[in-house]
Amino acid sequence: MAGNLTKRPNGRWRARFRDAAGKEHARHFDRKVDARRWLDEVTTAVVTGQYVDPNAGRVTFREAAESWRLAQVHRPSTVRHVETMLRRHAYPTFGERPLSTIRPSEVQAWVTRLAQGDAERRPLAPATIAVVHSLVASVMKAAVRDRLVASNPCEGVKLPKRESKRVVPLTTEQVETIAAAVPPSLRALVVLAAGTGLRQGEAFGLTRDRVNFLRREVTIDRQLVGVDRGSPVFGPPKTSASNRVVPLPAVVVDALAAHVAAYDVLADGLLFTVDDGAPITRQRFGHLWRPVAREAGLPAGTGLHALRHYYASLLIRYGESVKTVQARLGHASAAETLDTYSHLWPDSDDRTREAIDSVLGAQAQAVAR
């Protein structure tokens with residue numbers, strides 16, 4: 001990098017340099033000492049790789065975000081989700097703003113507005129705000145990496161506290177009520193979800209060839225991620241740990257066998273479809289599920305995922321280990337399993353008392369006799 005100072009005819013000092021791309025930059029100062037200080041600072045920034053061209057930050061947030069979004073390797077459902085979150089919650093505030101003009105205080109104010117809501121928008125849940133903020137932060141992080149801005153204004157922003165809610169499993173009576181109330185073509189789906197803990201996309205995307213009736217097990221190696229012109233679009237499971245083989249209880253085997261016979265499911269066909277034979281979409285299933293959930297007296301917002309919690313609670317009640325529950329559910333780690341269901345395992349204090357009493361208590365009674 002070349003830099004120099006020259007005194008102009010008007011008595012001011014001109015400091016100029018060329019960046020790594022060969023582009024010349026110049027500024028004028030009244031005092032030579034100020035010009036030298038600025039030149040030294042930018043020289044250091046260029047040499048250390050921290051220099052940011054002031055003009056680079058003129059790129060708008062929307063332009064940077066779209067460039068970042070299209071470069072990501074996401075599954076189709078995630079692509080749609082990211083686009084929707086940015087369009088609904090980030091672009092209205094930051095979309096047309098040059099990146100260099102976005103300040104940390106403005107990001108904090110934006111997060112606060114999302115949490116409080118306004119006349120046009122309802123307040124967002126803390127979990128949703130965390131997702132939207134992470135997307136904006138990722139865009140700004142990429143901008144820093146590309147030397148469009150010097151720093152990320154999302155760093156240090158305080159987010160609303162996420163209150164963790166304890167899972168309250170459905171009762172067996174509630175599960176039976178749901179199974180009896182759904183359309184006949186979906187009753188086996190309810191039994192399957194309650195008896196295997198499959199995620200919604202895994203159950204919707206399950207085909208007959210993934211079910212081994214002889215060995216009483218089901219292979220999960222994909223899920224339904226969308227529908228294209230009436231045909232299913234499959235994608236990988238949620239995580240690599242979600243690729244698994246789940247044992248099938250007799251009640252599930254019987255329900256699936258009866259379902260296959262009643263609805264003439266093809267060898268490689270989807271087990272569950274809507275009336276016209278099309279794959280089940282989340283929206284279509286929601287229309288069918290919500291009235292049933294209300295009739296069963298379930299809390300608002302209770303979805304098919306509640307049957308996954310029910311399955312986990314049964315495994316825990318009958319003494320399965322954390323690692324086994326993790327494997328059956330396809331969790332990425334045992335920590336995820338414990339974070340969700342630790343309160344359902346028997347209390348350690350009670351187990352401690354029982355362990356000591358079973359040995360020392362028995363010996364004390366023998367001595368007393």
Side-chain angles (χ1 to χ4, degrees), residues 59-97 107 110-111 113-115 117 120-143 154 159 162 189 193 198-207 220-243 270-274 276-290 301-306 308 330-332 336:
V59 174
T60 67
F61 177 82
R62 185 191 299 271
E63 293 170 334
E66 286 301 296
S67 177
W68 170 85
R69 183 178 67 83
L70 295 175
Q72 304 306 301
V73 181
H74 288 151
R75 65 183 65 191
S77 59
T78 303
V79 170
R80 293 191 294 272
H81 179 67
V82 170
E83 189 278 331
T84 299
M85 297 295 268
L86 288 172
R87 174 169 45 82
R88 289 183 177 177
H89 306 301
Y91 291 166
T93 300
F94 300 122
E96 307 313 315
R97 292 279 300 278
V107 178
W110 166 68
V111 166
R113 286 198 302 274
L114 292 180
E120 298 180 356
R121 297 177 182 273
R122 294 180 299 176
L124 296 184
T128 304
I129 294 175
V131 171
V132 179
H133 175 266
S134 71
L135 294 176
V136 174
S138 295
V139 172
M140 296 305 299
K141 184 178 180 180
C154 295
L159 302 179
R162 299 174 62 174
L189 171 63
L198 300 190
R199 297 183 177 93
Q200 182 167 286
E202 296 169 348
F204 288 175
L206 189 61
T207 49
I220 303 301
D221 57 359
R222 61 184 182 179
Q223 64 174 331
L224 185 69
V225 296
V227 178
D228 183 17
R229 299 176 184 177
S231 298
V233 177
F234 297 105
K238 184 176 181 180
T239 67
S240 58
S242 299
N243 287 281
L270 290 171
L271 284 178
F272 306 105
T273 60
V274 289
D276 56 3
I280 304 176
T281 63
R282 293 178 181 272
Q283 294 78 7
R284 185 72 175 272
F285 182 75
H287 290 310
L288 297 171
W289 173 270
R290 283 189 289 272
T302 301
L304 191 68
H305 202 79
R308 180 172 166 86
H331 282 165
E336 180 182 356

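One-based numbering along the sequence shown. All values derive from a computational prediction rather than experimental measurement.
A salt bridge links Glu96 to Arg62: at least one charged side-chain nitrogen sits closer than 4.0 Å to a carboxylate oxygen.
In this structure a side-chain-to-backbone donor-acceptor pair under 3.5 Å is present from Gln223 to Pro236. Within the 3.5 Å criterion, the main-chain N or O of Glu63 finds no donor-acceptor partner in the side chain of Ser67. Although no hydrogens or angles enter the test, the distance criterion places no donor-acceptor pair under 3.5 Å between the side chain of Trp68 and the main chain of Lys141. One N or O on the side chain of Ser138 and one on the backbone of Ser134 form a donor-acceptor pair closer than 3.5 Å. For Glu83 (side chain) and Val79 (main-chain N/O), no donor-acceptor pair under 3.5 Å exists by modelled atom type.
Within the model, atoms CD1 of Ile129 and CZ of Arg162 stand 10.5 Å from one another, a figure rounded to the nearest 0.5 Å. Rounding to the nearest 0.5 angstrom, the gap separating the CG atom in Leu189 from the CD atom in Gln200 is 8.5 Å. In this structure, CE on Met140 lies 13.5 Å from CG on Leu135, to the nearest 0.5 angstrom. In this structure, the separation between CD on Gln72 and OG1 on Thr78 is 11.0 Å, given to the nearest 0.5 Å.
Between Pro92 and Arg87, every side-chain heavy-atom pair lies at or beyond the 4.5 Å cut-off. Between Phe272 and Leu224, the closest side-chain pair of non-hydrogen atoms is not below 4.5 Å. With a 4.5 Å cut-off on side-chain heavy atoms, Leu270 and Pro232 count as touching. Annotation: side chain of Thr84 is not in contact with side chain of His89 (no heavy-atom distance under 4.5 Å). A 4.5 Å side-chain heavy-atom check between Leu271 and Thr207 finds every atom pair outside the cut-off. No side-chain heavy atom of Met85 sits less than 4.5 Å from a side-chain heavy atom of Arg88. Within the 4.5 Å cutoff, side-chain heavy atoms of His81 are placed close to those of Val131. Within the 4.5 Å cutoff, no side-chain heavy atoms of Val227 are placed close to those of Val233.
For residues 222-232, no residue pair satisfies the salt bridge (charged side-chain N to carboxylate O under 4.0 Å, His left out) rule, not counting sequence neighbours.
Listed by chain and residue number, Arg199, Thr239 satisfy the side-chain hydrogen bond (donor to acceptor under 3.5 Å, both in side chains) test with Ser242 (two or more places apart in sequence, or in another chain). Under the rule for a side-chain hydrogen bond (donor to acceptor under 3.5 Å, both in side chains), Asn243 has no partner lying at least two apart in sequence or in another chain. His305 pairs by the ring pair (Phe, Tyr, Trp, His ring centres under 6.0 Å) definition with His309, not counting sequence neighbours. Taking Tyr91 as the reference, nothing meets the ring pair (Phe, Tyr, Trp, His ring centres under 6.0 Å) condition, with sequence neighbours excluded. Residues forming a ring pair (Phe, Tyr, Trp, His ring centres under 6.0 Å) with Phe204 (at least two apart in sequence, or on another chain): Phe285.
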- Hey, mind stepping through Arg97 and Thr60 against side chain to side chain contact (heavy atoms under 4.5 Å, CB included) and telling me if it holds? CA-CA 5 Å; Arg97 292 279 300 278; Thr60 67; over 6 Å; no

- CA sep, side-chain torsions, deciding dist, call: Leu304, Trp289, side chain to side chain contact (heavy atoms under 4.5 Å, CB included): CA-CA 8 Å; Leu304 191 68; Trp289 173 270; 3.9 Å; yes

- Query: Would Phe61 and Val136 satisfy side chain to side chain contact (heavy atoms under 4.5 Å, CB included), going step by step from the backbone distance to the final call?
  - Reply: CA-CA 9 Å; Phe61 177 82; Val136 174; 3.9 Å; yes

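Nearest heavy atom pair, residue Val107 against residue Cys154, reads CG1-SG, 4.1 Å. The minimum heavy-atom distance between Ala65 and Leu86, with the atom names listed, is CB-CD1, 4.4 Å.
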